[in-house]
Q: 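What follows is a single structure, and I will ask about it in a moment.
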Amino acid sequence: MDRYKKLFSNSIVFSVGNLGSKMITFLMVPLYTRFLTTSQYGNSDVISTIVSLLTPILTLSIIEAVFRFALDDESDNGQVLTNGFFISLASFIVFLFVLPFIRNINYGIYIVLLTYASALESTLQQFARGIGKSTLYAATGIVMTVATVLSNLLLIVVMGWQLQGYLASIVVAQFAGMIFLVWRLKAWRYISIKNINLDLAKRMLVYSIPLIPNMVSWWLSNSANKIFISALLGATANGIYAVANKIPSLISVFYSIFTQAWQISAVEEFDSEDVGGFFSTVLAATFSVLFIGVAGLTLFSKILVLLLSTSAYFEAWRVVPWLALAVLFSSISSFLGTVYTSSMKTTALFTTTIVGAIINVVSNLVLIPLLGITGAGVGACISFLVVVLLRIRDSKRFIQLKIQWRIVLTSLLCICLEIGILYTLPGIVGYSLASICALGVFGINSRILFKELKHFFN
């Protein structure tokens, strides 16, 4: 199959399986903001942030290695999953040792349970994607979403458990996904003591361990601002920030679906003769879609905040544009990161990510006291922009990428003008001028987007 057709068809498969589940999760935000206080919602976001940090550390990031090695035709799938599964189980040992010490920590049991369940479920799900079972990978997302919604309605709405109900529903969803994957994969056919291969385990760890500092640094760039907001401004401010973060997550939803297909194509095509042209074509289309999305979300940020929450969260709209830009740069840096993972040069990822993490931490310490929660959004935007620039420069060691700088810079200028207008000119005049800027971004990028799509389908 032609590489563009394969990328497109895989994207469709992941979209069918994931888009509905992602949108349902997004639509659950009004329920959370109604039944949880701003403080509780802020705490739930902090707990999710901590779990996202602990999971790669406890599992030695072996989840990523399971996916990458399962893609290789030479690998024994049974050995790959067995090695990954038993290495992931090391987190369970940590769980047993940590259990006596976390009883006095608020929601500590939930943190450990979520980390452990997430590690095992993700290992199975990434294995399914790696061996070509894309529909199963996508179906698992639907199963977990249905389990989340039903348990939310039962535990939060009916039983009134509030934050504990929210956390318990996530645990239920993780175990539902795990059971579904074990059943559909017939995981017992793969996992066996006989399939433990120490040589393969070493190679998998050589690939995965360098990803740990990279993921920790990525966490600092992407999530540490929530910790800083809670510490400097309080849980209520973090609740407002969490609502603001949900709106740009619309862009993340679509990009995360695409990147599931893109990671497969990037690995398969990395050794082709025209790999630079392939990456450049897809990157240009990705830039265009993201710019149009950011311009649209910025224009309707006030309306979206009111639709998804109550008046107590209205100030969240000021953070939305900056977080949308941060998501754009984060998505592009993730795209460029596939250059490193496809070439098995995962160590090189760390350098660029740690710079972004340091900038984000410093920006939070400086900007949050000055600008409040808006400072966290600006800091995230700056840090991811720096990572993008560093990776564009560094990726030239592996492939030749062509960046259409004129379109990129013009689009950024229009979006910054749009933000400035919305900040300073309220009412119809402000919306009219901001709409002109948004239309300008659409006009600039639609031409290049249609050109690249025509290239895709031709």
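Model, not experiment: these values are computed from the prediction.
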Q: Between the side chains of Asn445 and Ser411, is a donor N or O closer than 3.5 angstrom to an acceptor N or O?
A: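 Short answer, yes.
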Q: Taking the side chain as every heavy atom from C-beta outward, state whether Ile419 and Thr298 have any pair of such atoms under 4.5 Å apart.
A: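 In contact.
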Q: Would you be so kind as to tabulate the donor-acceptor pairs closer than 3.5 Å made by side chains of residues 190-198, with sequence neighbours excluded?
A:
residue, atom, partner, partner atom, Å
Ser192, OG, Lys194, N, 3.2
Asn195, ND2, Tyr190, O, 2.7
Asn197, OD1, Asp199, N, 3.0
Asn197, OD1, Leu200, N, 3.0
Asn197, ND2, Gln79, OE1, 3.1

Q: Answer whether the closest heavy-atom distance between the side chains of Thr410 and Val441 falls below 4.5 Å.
A: no
Q: Are more than 12 heavy atoms from other residues, nucleotides or ligands located less than 6.0 Å from atom CZ of Phe442?
A: no
Q: Does the Ser383 side chain pair with the main chain of Ala380, one donor and one acceptor, at a distance under 3.5 Å?
A: yes
Q: Please say whether more than 12 non-hydrogen atoms of neighbouring residues, nucleotides or ligands are located less than 6.0 Å from CH2 in Trp183.
A: no
Q: Only counting residues at least two apart or in another chain, list the ones meeting side chain to side chain contact (heavy atoms under 4.5 Å, CB included) with Leu307.
A: Ile303
Q: Show the numbers, then the answer: is there a side chain to side chain contact (heavy atoms under 4.5 Å, CB included) between Ile382 and Phe329?
A: CA-CA 9 Å; Ile382 294 172; Phe329 295 131; over 6 Å; no
Q: Side chain of Asn360, backbone of Gly356: donor and acceptor closer than 3.5 Å?
A: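 No, the answer is negative, given that no donor and acceptor are paired below the 3.5 Å cut-off.
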Q: Are any non-hydrogen side-chain atoms of Leu412 and Leu325 less than 4.5 angstrom apart?
A: yes
Q: What closest approach, in Å, do Met204 and Gly84 show between heavy atoms, and which atom pair accounts for it?
A: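 That closest heavy-atom pairing would be CE-N, 4.3 Å.
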Q: Please tell me whether Ser333 and Arg391 have a donor and an acceptor in their side chains that are separated by less than 3.5 angstrom.
A: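 No, because no side-chain N or O of Ser333 sits under 3.5 Å from a partner of the opposite role on Arg391.
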Q: Check whether any side-chain N or O of Ser151 sits under 3.5 Å from a backbone N or O of Thr148 as a donor-acceptor pair, and report yes or no.
A: yes
Q: Roughly how far, to the nearest 0.5 Å, is the CZ atom of Arg393 from the OG1 atom of Thr352?
A: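 The OG1 atom of Thr352 sits 10.0 Å away from the CZ atom of Arg393.
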Q: Does Gln125 reach the main-chain N or O of Leu181 with its side chain, forming a donor-acceptor pair under 3.5 Å?
A: no
Q: Please check if the side chain of Thr123 supplies one atom and the backbone of Ile63 the other of a donor-acceptor pair under 3.5 Å.
A: no
Q: What verdict does the side chain to side chain contact (heavy atoms under 4.5 Å, CB included) test give for Leu124 and Thr140, after you've listed the backbone C-alpha separation in whole Å, the side-chain angles of each residue and the deciding distance to 0.1 Å?
A: CA-CA 10 Å; Leu124 291 168; Thr140 305; over 6 Å; no
Q: Are any side-chain N or O atoms of Ser169 and backbone N or O atoms of Tyr166, one a donor and one an acceptor, separated by less than 3.5 Å?
A: yes
Q: Could you check whether any side-chain heavy atom of Gln174 comes within less than 4.5 Å of a side-chain heavy atom of Tyr116, counting everything from C-beta outward?
A: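 Of all side-chain heavy-atom pairs linking Tyr116 with Gln174, none is under 4.5 Å.
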Q: Do the numbers put Arg203 on top of the ring of Phe69, so that NZ or CZ is under 6.0 Å from the six-membered ring centre and no more than 45° off the axis?
A: no
